[in-house]
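Encoded as structure tokens, the structure appears first; notes follow it.
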Amino acid sequence: FLRDYAALLSPAAFPPHRHDDLKEMLDSNKDSLKLEAMKRIVAMIARGKNASDLFPAVVKNVACKNIEVKKLVYVYLVRYAEEQQDLALLSISTFQRGLKDPNQLIRASALRVLSSIRVTIIVPIMMLAIKEAASDMSPYVRKTAAHAIPKLYSLDPEQKDQLIEVIEKLLADKTTLVAGSVVMAFEEVCPERIDLIHKNYRKLCNLLIDVEEWGQVVIINMLTRYARTQFLNPNINKTFYGSDEDEDEDEEEKEKKAEAAAMAKRKPYVMDPDHRLLLRNTKPLLQSRNAAVVMAVAQLYFHLAPKAEVGVIAKALVRLLRSHSEVQYVVLQNVATMTIKRRGMFEPYLKSFYIRSTDPTQIKILKLEVLTNLANETNISTILREFQTYIKSMDKDFVAATIQAIGRCATNIGEVRDTCLNGLVQLLSNRDELVVAESVVVIKKLLQMQPEKHSDIIKHMAKLTDNIQVPMARASILWLIGEYCEHVPKIAPDVLRKMAKSFTNEEDIVKLQILNLAAKLYLTNSKQTKLLTQYVLNLAKYDQNYDIRDRARFIRQLIVPTEKSGALSKYAKKLFLALKPAPVLESPFKDRDHFQLGSLSHLLNAKAGGYQELPDWPESAPDPSVRNVEVKESVRAVGTVTYRNTGAPRGPQQTEGSEESDSASGSESGSGSEGSGSASESEESGEVSVSEEEEGEEEEKKTKKRELKKAVQESERSPTHFEGFINLLFSRGFLFSVRFPSLNVDFYLFLPVEPAPSPQVTPVNNLLSNSLVTDLEGLSLSEAVLSPAVSRNASVFLALKSYELLHRITGEGLSVEYCFSRQPFSPDANMVAVQMQFTNSSTSDTKNLHMEDVKLQSGMRVKDFPEIESLPAGETATAVMGIDFCDSTQAANFQLCTHTRKFFVSIQPPVGELMRPVFLTENEFKKEQGERSFKVQ
Amino acid sequence: MIHSLFLINASGDIFLEKHWKSVVSRSVCDYFFEAQERATEPENVPPVIPTPHHYLISVLRHRIYFVAVIQSEVPPLFVIEFLHRVVDTFQDYFGVCTEAAIKDNVVVVYELLEEMLDNGFPLATESNILKELIKPPTILRTMVNTITGSTNVGEQLPTGQLSVVPWRRTGVKYTNNEAYFDVVEEIDAIIDKSGSTITAEIQGVIDACVKLTGMPDLTLSFMNPRLLDDVSFHPCVRFKRWEAERILSFIPPDGNFRLLSYHVSSQNLVAIPVYVKHNITFREGSSQGRFDLTLGPKQTMGKAVESVLVSSQLPRGVLNANLNPSQGTYTFDPVTKLLTWDVGKINPQKLPSLKGTMNLQAGASKPDENPTINIQFKIQQMAISGLKVNRLDMYGEKYKPFKGIKYMTKAGKFQVRT
């Protein structure tokens with residue numbers, strides 16, 4: 001029935017007092033009438049009709065109860081508020097009320113509209129609203145706040161400083177929902193404030209995979225720039241040894257490289273782990289369904305990755321060629337640029353760039369460009385065979401481009417120059433004039449390389465002047481004859497004669513070349529051509545075009561000696577017949593990579609407004625410690641288990657409307673990604689850990705244990721909500737109190753009080769992972785560990801999960817496993833004890849097992865395990881080492897040495913292993929809680 | 001980012017405009033029309049057009065140009081991908097994305113665009129979220145709304161928006177729980193004159209239609225996952241599981257979606273299921289040309305080749321064609337010079353052929369270009385790469401769903417050069 005509106009909306013349907021009916025409907029009490037009126041108005045706006053005179057009638061309905069009416073009023077307001085600023089102010093109070101609404105959708109949409117109204121007077125109100133929304137408990141509202149920042153900035157750039165504060169705050173947000181939007185705001189408001197990123201860098205890298213697609217693109221592009229300012233060029237070392245890929249580099253670049261190489265010599269390059277983190281975390285996104293994301297990752301790898309690793313992007317980019325033609329267009333432009341620098345990368349995919357007759361011309365031409373860039377000695381014959389088919393195409397623009405491409409192949413690859421030239425000469429007899437003309441132009445360029453061998457071709461071309469009409473081609477032929485008139489001494493004067501006849505009817509570029517030809521002939525063969533030249537010069541003297549008149553005057557002075565013509569005429573021959581260097585046929589995509597790939601500026605080969613230059617690599621790396629974050633955050637950031645990174649099936653979690661959701665959840669959640677234990681594991685560990693304690697307690701604990709197990713199972717069965725699981729734990733009265741040893745910060749998870757206390761801290765956790773549950777479970781069940789006195793003996797009961805440090809095969813018979821023994825490490829209380837088990841399954845003894853060359857993040861420390869003198873074949877030995885992970889989940893890297901070999905190994909702790917249970921009575925707990933209950937946020 | 005959007009139909013009318021920031025006059029589209037005039041074919045309009053103050057980025061779908069106006073640096077693919085997503089959403093909502101459908105549903109279109117972008121930056125593009133915000137129009141709902149005055153607009157924030165699985169609605173309920181997967185493979189090939197393959201590759205997709213209650217967690221495994229050389233996933237697929245075990249593990253969106261697109265590694269030789277014998281010649285000095293085409297099946301593993309459609313762009317000099325098909329019907333458009341032959345099913349006992357003569361313009365010389373033959377076909381119940389789904393398991397819910405898997409092979413860009 002909307003079609004009826006369309007009929008009503010035609011201009012004829014509106015008499016001069018138009019819209020009166022609409023006004024009436026808007027004033028009525030019935031929502032249905034209002035809705036209909038609003039729908040008609042929106043339809044008008046959509047068609048670009050002016051509906052501004054309805055403003056007063058519409059704005060009245062801003063507080064309408066009906067949500068659809070309200071939304072349509074918003075649409076109208078945003079469209080016309082700029083034009084009717086005073087009236088628009090009437091609606092502001094409604095939005096201010098909306099900002100306080102308990103429904104987050106209403107809060108968010110109020111902020112959206114308020115910030116979209118481009119009225120300068122309300123800037124302070126907007127500022128206030130944004131600030132408030134930035135600390136809203138709903139991440140959706142915070143996201144909206146991030147969106148509002150660039151709106152306010154474009155309305156009043158004076159607010160920049162205040163807005164940067166908000167951005168800084170939102171950048172620290174841990175939800176994936178906000179991340180993309182706030183980085184977008186950052187890019188629009190303060191892209192130069194790279195320092196704001198430091199503290200959030202690792203978090204952004206880790207969240208990236210779960211951010212929505214559009215946010216991913218923005219974040220990846222920003223991080224590319226960031227990485228260029230913070231890390232060292234990973235390719236510096238390799239250039240020292242010389243790489244085969246940069247064949248065509250000019251001197252300047254070589255110099256630069258030499259410098260770089262000298263620098264590299266001084267210090268061996270080690271990639272910053274944060275640089276590695278970025279490369280590692282973006283790589284899976286090459287598999288995204290979104291072409292923009294794939295392109296963003298591809299450009300990141302192109303600009304940041306070591307040469308050996310860039311190859312992975314080729315496959316993904318080739319995949320995009322299956323997509324819509326607009327996507328192909330953009331991707332091919334970028335591939336064209338890449339193929340100039342890194343040809344090898346795309347060579348295996350040569351055939352993917354073959355052209356189909358159904359491709360649009362602009363795609364064909366780009367594919368041709370890529371094929372030409374990929375051509376080398378080995379594949380040129382295949383490519384030329386392919387080009388032969390293209391020349392027969394019906395699409396003449398494409399044929400012309402193919403001829404150009406053949407010309408480029410011929411200049412770049414000496415072996416095929418003659419073949420190409422012959423092929424092009426054959427094209428001179430083509431029936432299509434455009435084809436012939438293009439061939440002439442290309443042949444001219446090729447002949448310049450070795451003219452003496454090809455005088456017959458020049459003769460052949462001279463004959464063409466009778467038929468060919470395309471000015472560029474005529475000009476090219478004339479230039480050739482003039483330049484090489486000594487090779488065709490008989491024909492040249494004759495051509496000039498013919499041209500003199502038709503001079504007045506020629507195009508300007510042809511006339512200029514006739515003048516050139518005349519001058520050159522006059523200098524070499526003045527006997528035959530003196531009069532002809534005079535004639536042509538006279539014609540040119542009275543030509544309409546002043547360039548031609550100028551040229552004629554200039555030439556006459558130079559070649560015809562008179563008294564006045566000074567010393568220059570002596571050198572006329574040298575001037576005109578100087579040896580000219582052959583033209584270099586270059587790709588139009590050469591050097592385009594100084595623009596960030598994938599950007600609009602790269603596509604247009606011109607700087608677009610708001611383009612941020614890609615900085616050069618720094619000479620020496622800035623301080624990497626700026627990215628270190630305090631422990632609380634680092635646990636949160638590094639340990640965040642994301643949906644797509646986990647293997648274990650987990651349900652979605654809701655955080656709808658719960659105030660504490662964020663404060664409580666983010667902080668304790670998370671675990672190392674590899675440690676995400678599955679359901680069965682957690683059950684098992686619950687079962688095995690039977691502790692030897694007094695009978696009475698034993699009983700109670702068993703029930704608890706069973707309950708916990710049940711809770712875990714239940715949560716598995718209804719994977720929808722961990723919230724439920726945690727509430728369950730609550731209701732059954734479990735307590736975890738966790739202490740970070742070195743920081744003296746306590747985290748209380750659950751409380752063993754019957755009946756369950758009111759959840760002061762509702763751990764509605766959208767990040768809690770199974771593995772953490774597993775870890776924590778271990779903590780709760782082995783209460784024996786809690787009292788330090790018994791801990792040594794009791795710990796045995798735990799079913800410890802062991803990890804592999806060195807596999808039997810890589811270790812050549814030596815295998816090493818490690819587990820976190822969850823005992824205090826006596827030499828240093830801040831260290832975590834790691835128990836290692838060495839097994840020698842080789843046939844010979846292994847001697848002098850020790851560790852060396854420990855590489856650690858700043859702040860971390862390691863206590864080596866005592867050297868094992870000898871491990872006979874088939875035997876097993878254990879040793880304990882201590883690592884202070886500094887409460888982060890950064891890996892500790894070191895070398896494991898035997899008397900013959902060294903192995904690089906690394907230990908990365910799951911978060912759960914970094915916490916230590918502490919026993920508290922209920923009252924103590926409450927007291928502690930009162931003191932610092934979750935001042936984390 | 002995206003400033004404004006204009007929709008332009010084939011005849012050059014702007015029939016819808018939407019602005020997310022200050023209004024940009026529709027006169028900016030003049031630059032687009034200029035570029036359109038310069039381009040010979042509609043698909044040759046450059047996707048990115050710079051103008052003095054703005055940049056126009058456009059996509060062409062269903063004969064409608066979606067022209068986005070932007071003012072500053074933005075990755076062009078970002079805008080292009082978004083515009084395609086808009087078209088997909090319209091298609092999802094209205095069944096088709098035509099000018100008429102958009103005009104009929106202009107209010108819903110406007111509401112959708114309003115939700116999809118905020119200040120030019122994408123806000124909600126997941127179909128499951130949008131459908132909770134704005135209900136798709138159905139005849140029944142339109143009638144009910146007219147009578148009761150209720151609305152298409154949801155009042156609560158869609159739960160998906162906040163969860164880690166934004167693509168799935170919560171509270172999904174079905175009486176029949178079913179999950180269907182279509183494995184569709186396309187063969188892209190270029191065959192040269194002599195019948196040898198110049199390039200051939202297989203691209204496949206798995207499209208799913210999942211109607212399952214609650215929050216099911218599915219895993220799908222293949223018998224021969226090694227075949228898959230390059231894959232791209234719907235965001236619901238967990239990377240880690242795929243990397244470690246070659247298993248697709250995911251919580252599916254509700255309804256139709258594309259789970260996976262893949263490319264089959266090119267080392268495996270691609271079986272070409274049809275062959276073409278052709279003889280298309282023009283003689284010098286004669287105004288007639290011969291046309292002779294025969295199709296036949298090969299390497300089809302006993303499956304029938306169906307829905308065969310042959311098309312070819314004949315040289316400009318051809319006036320008309322006098323042909324005789326052994327089966328099916330053919331048409332020749334004398335204006336565009338496009339020859340199409342609807343063959344139907346190939347019967348291996350009696351091979352379909354199309355023979356006859358072509359008439360050239362009197363006095364015109366022999367065309368020196370050779371027409372390319374494009375072929376479309378379908379083969380049911382077979383994935384040409386040999387890919388097989390091993391099993392589909394569901395966790396997280398108790399009921400037993402009905403599962404179905406269908407295979408199909410199609411021609412993609414399948415060309416035979418003559």
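- In this structure, chain B has a heavy atom under 4.5 Å from the side chain of A/Val331, while its backbone stays farther away.
- Each of B/Ile198, B/Val59, B/Asp118, B/Leu16 has some count of heavy-atom pairs under 4.5 Å with chain A, and the biggest count is that of B/Asp118.
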Please lay out, stage by stage, how B/Asp230 and A/Arg319 fare under the test salt bridge (Lys or Arg N to Asp or Glu O under 4.0 Å). CA-CA 8 Å; B/Asp230 179 38; A/Arg319 183 183 68 229; 3.2 Å; yes
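- Ranked by non-hydrogen atom pairs under 4.5 Å with chain B, the options A/Gly610, A/Ala316, A/Ala608 are led by A/Ala608.
- Residues B/His84 and A/Glu326 bring a donor and an acceptor atom of their side chains to less than 3.5 Å of each other.
- Salt-bridge check for B/Glu111 with A/Lys39: failed, with every basic side-chain N at 4.0 Å or more from each acidic carboxylate O.
- Within the 4.5 angstrom heavy-atom criterion, only side-chain atoms of B/Tyr55, from C-beta onward, approach chain A.
- Between A/Arg322 and B/Glu186 a salt bridge is recorded (basic side-chain N to carboxylate O distance below 4.0 Å).
- For chain A, the nearby part of B/Asn374 is the side chain; its heavy atoms alone come within less than 4.5 Å.
- The side-chain heavy atoms of A/His147 and B/Phe121, taken from C-beta on, include a pair separated by under 4.5 Å.
- Contacts with chain B were tallied for A/Val293, A/Leu604, A/Asp397, A/Ile363; A/Leu604 has the most, counting heavy-atom pairs under 4.5 Å.
- Only the side chain of A/Lys396 comes within less than 4.5 Å of a heavy atom in chain B; its backbone stays farther off.
- Counting heavy atoms from C-beta outward, B/Asp188 and A/Tyr354 have side chains that stay 4.5 Å or more apart.
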Decide salt bridge (Lys or Arg N to Asp or Glu O under 4.0 Å) for B/Glu243 and A/Lys283; before the verdict, give the C-alpha distance in whole Å, the side-chain angles of both, and the deciding distance to 0.1 Å. CA-CA 12 Å; B/Glu243 264 165 34; A/Lys283 195 174 168 187; over 6 Å; no
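- Looking only at side-chain heavy atoms (C-beta outward), A/Val78 and B/His19 stay at 4.5 Å or farther from each other.
- No other option in A/Val42, A/Val217, A/Leu597, A/Asn290 has as many heavy-atom pairs under 4.5 Å with chain B as A/Asn290.
- Contacts of A/Asn221 with chain B are made by side-chain atoms alone, with heavy-atom separations under 4.5 Å and no backbone atom involved.
- A/Met394 touches chain B through backbone and side chain together, each having a heavy atom under 4.5 Å away.
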Decide yes or no on salt bridge (Lys or Arg N to Asp or Glu O under 4.0 Å) for A/Arg112 and B/Glu115, but give the supporting numbers first. CA-CA 11 Å; A/Arg112 263 184 78 184; B/Glu115 287 305 331; 3.5 Å; yes
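- Inter-residue side-chain proximity for B/Tyr110 and A/Ile45 is flagged as met; some heavy-atom pair is nearer than 4.5 Å.
- B/Val45 touches chain A through its backbone: at least one of N, CA, C or O sits under 4.5 Å from a heavy atom, while the side chain does not.
- Shortest non-hydrogen contact noted between B/Ser72 and A/Gly609 is CB-O, 3.1 Å.
- With a threshold of 4.5 angstrom between heavy atoms, A/Val294 does not approach chain B through any atom at all.
- The part of A/Ile355 that comes within reach of chain B is its backbone (N, CA, C, O), which places non-hydrogen atoms under 4.5 angstrom from that chain.
- Proximity of B/Asn119 to A/Ser116: side-chain heavy atoms (C-beta onward) are nowhere separated by under 4.5 Å.
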Between B/Leu77 and A/Val327, is the side-chain contact (heavy atoms from CB on, under 4.5 Å) condition met? List the steps. CA-CA 6 Å; B/Leu77 270 185; A/Val327 175; 3.8 Å; yes
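- Here B/Ser22 contributes atom OG and A/Leu155 contributes atom CG; the two are 8.5 Å apart, rounded to the nearest 0.5 Å.
- Side chains of A/His324 and B/Arg61 form a contact here, defined as non-hydrogen atoms less than 4.5 Å apart.
- The side-chain heavy atoms of B/Glu43 and A/Thr361, taken from C-beta on, include no pair separated by under 4.5 Å.
- Nearest heavy atom pair, residue A/Gly48 against residue B/Arg26, reads CA-NH2, 3.6 Å.
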Test A/Glu213 against B/Arg85 for salt bridge (Lys or Arg N to Asp or Glu O under 4.0 Å), laying out the working first. CA-CA 12 Å; A/Glu213 303 154 279; B/Arg85 205 62 71 81; 2.9 Å; yes
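- Only the side chain of A/Gln328 comes within less than 4.5 Å of a heavy atom of chain B; its backbone N, CA, C and O stay farther away.
- Looking at A/Thr358, both its backbone and its side chain come within 4.5 Å of chain B, counting heavy atoms on both sides.
- With a threshold of 4.5 angstrom between heavy atoms, B/Thr125 approaches chain A through side-chain atoms but not through N, CA, C or O.
- Looking at B/Ile102, neither its backbone nor its side chain comes within 4.5 Å of chain A, counting heavy atoms on both sides.
- Of the atoms belonging to B/Ile80, it is side-chain heavy atoms, and not backbone ones, that fall under 4.5 Å from chain A.
- For a residue to count as touching a neighbouring chain, one of its non-hydrogen atoms must lie under 4.5 Å from one of that chain's; by this rule B/Leu60 touches chain A with backbone and side chain alike.
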Begin with the C-alpha distance, continue with both residues' side-chain angles, and end with the deciding distance and a verdict on side-chain contact (heavy atoms from CB on, under 4.5 Å) for A/Ser154 and B/Lys21. CA-CA 10 Å; A/Ser154 71; B/Lys21 302 184 183 184; over 6 Å; no
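- Within the 4.5 angstrom heavy-atom criterion, atoms from both the backbone and the side chain of B/Pro46 approach chain A.
- In this structure, the portion of B/Leu314 lying under 4.5 Å from any heavy atom of chain A is its backbone and not its side chain.
- Contacts between A/Arg356 and chain B at a heavy-atom distance below 4.5 Å involve backbone atoms as well as side-chain atoms.
- Neither the backbone nor the side chain of A/Thr382 has a heavy atom closer than 4.5 Å to any heavy atom of chain B.
- With a 4.5 Å cut-off on side-chain heavy atoms, A/Met295 and B/Pro75 do not count as touching.
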Can A/Arg79 and B/Val23 be said to form a side-chain contact (heavy atoms from CB on, under 4.5 Å), step by step? CA-CA 8 Å; A/Arg79 171 70 179 74; B/Val23 177; 3.2 Å; yes
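- With a 4.5 Å cut-off on non-hydrogen atoms, A/Tyr329 touches chain B through its side chain but not through its backbone.
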For B/Met1 and A/Glu187, what are the C-alpha separation, side-chain angles and deciding distance, and is it a side-chain contact (heavy atoms from CB on, under 4.5 Å)? CA-CA 11 Å; B/Met1 288 217 150; A/Glu187 289 283 78; over 6 Å; no
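- Smallest separation of non-hydrogen atoms from A/Gly598 and B/Pro76: O-CD, 3.1 Å.
- Of the two parts of A/Glu188, only the side chain, counted from C-beta on, holds a non-hydrogen atom closer than 4.5 Å to a non-hydrogen atom of chain B.
- One N or O on the side chain of B/Glu73 and one on the backbone of A/Leu600 form a donor-acceptor pair closer than 3.5 Å.
- One finds the CZ atom of B/Phe257 at 10.0 Å from the CZ atom of A/Arg289 (value rounded to the nearest 0.5 Å).
- If you tally non-hydrogen atom pairs under 4.5 Å between each of B/Trp242, B/Trp20, B/Phe78, B/Phe82 and chain A, the highest count goes to B/Phe78.
- Counting only distance, with no hydrogens or angles, the side chain of A/Arg47 and the backbone of B/Phe15 share no donor-acceptor pair below 3.5 Å.
- Options A/Lys351, A/Lys392, A/Gln362 differ in how many heavy-atom pairs under 4.5 Å they form with chain B, and the most are formed by A/Gln362.
- Between the side chains of B/Gln415 and A/Ser357, at least one donor N or O sits under 3.5 Å from an acceptor N or O.
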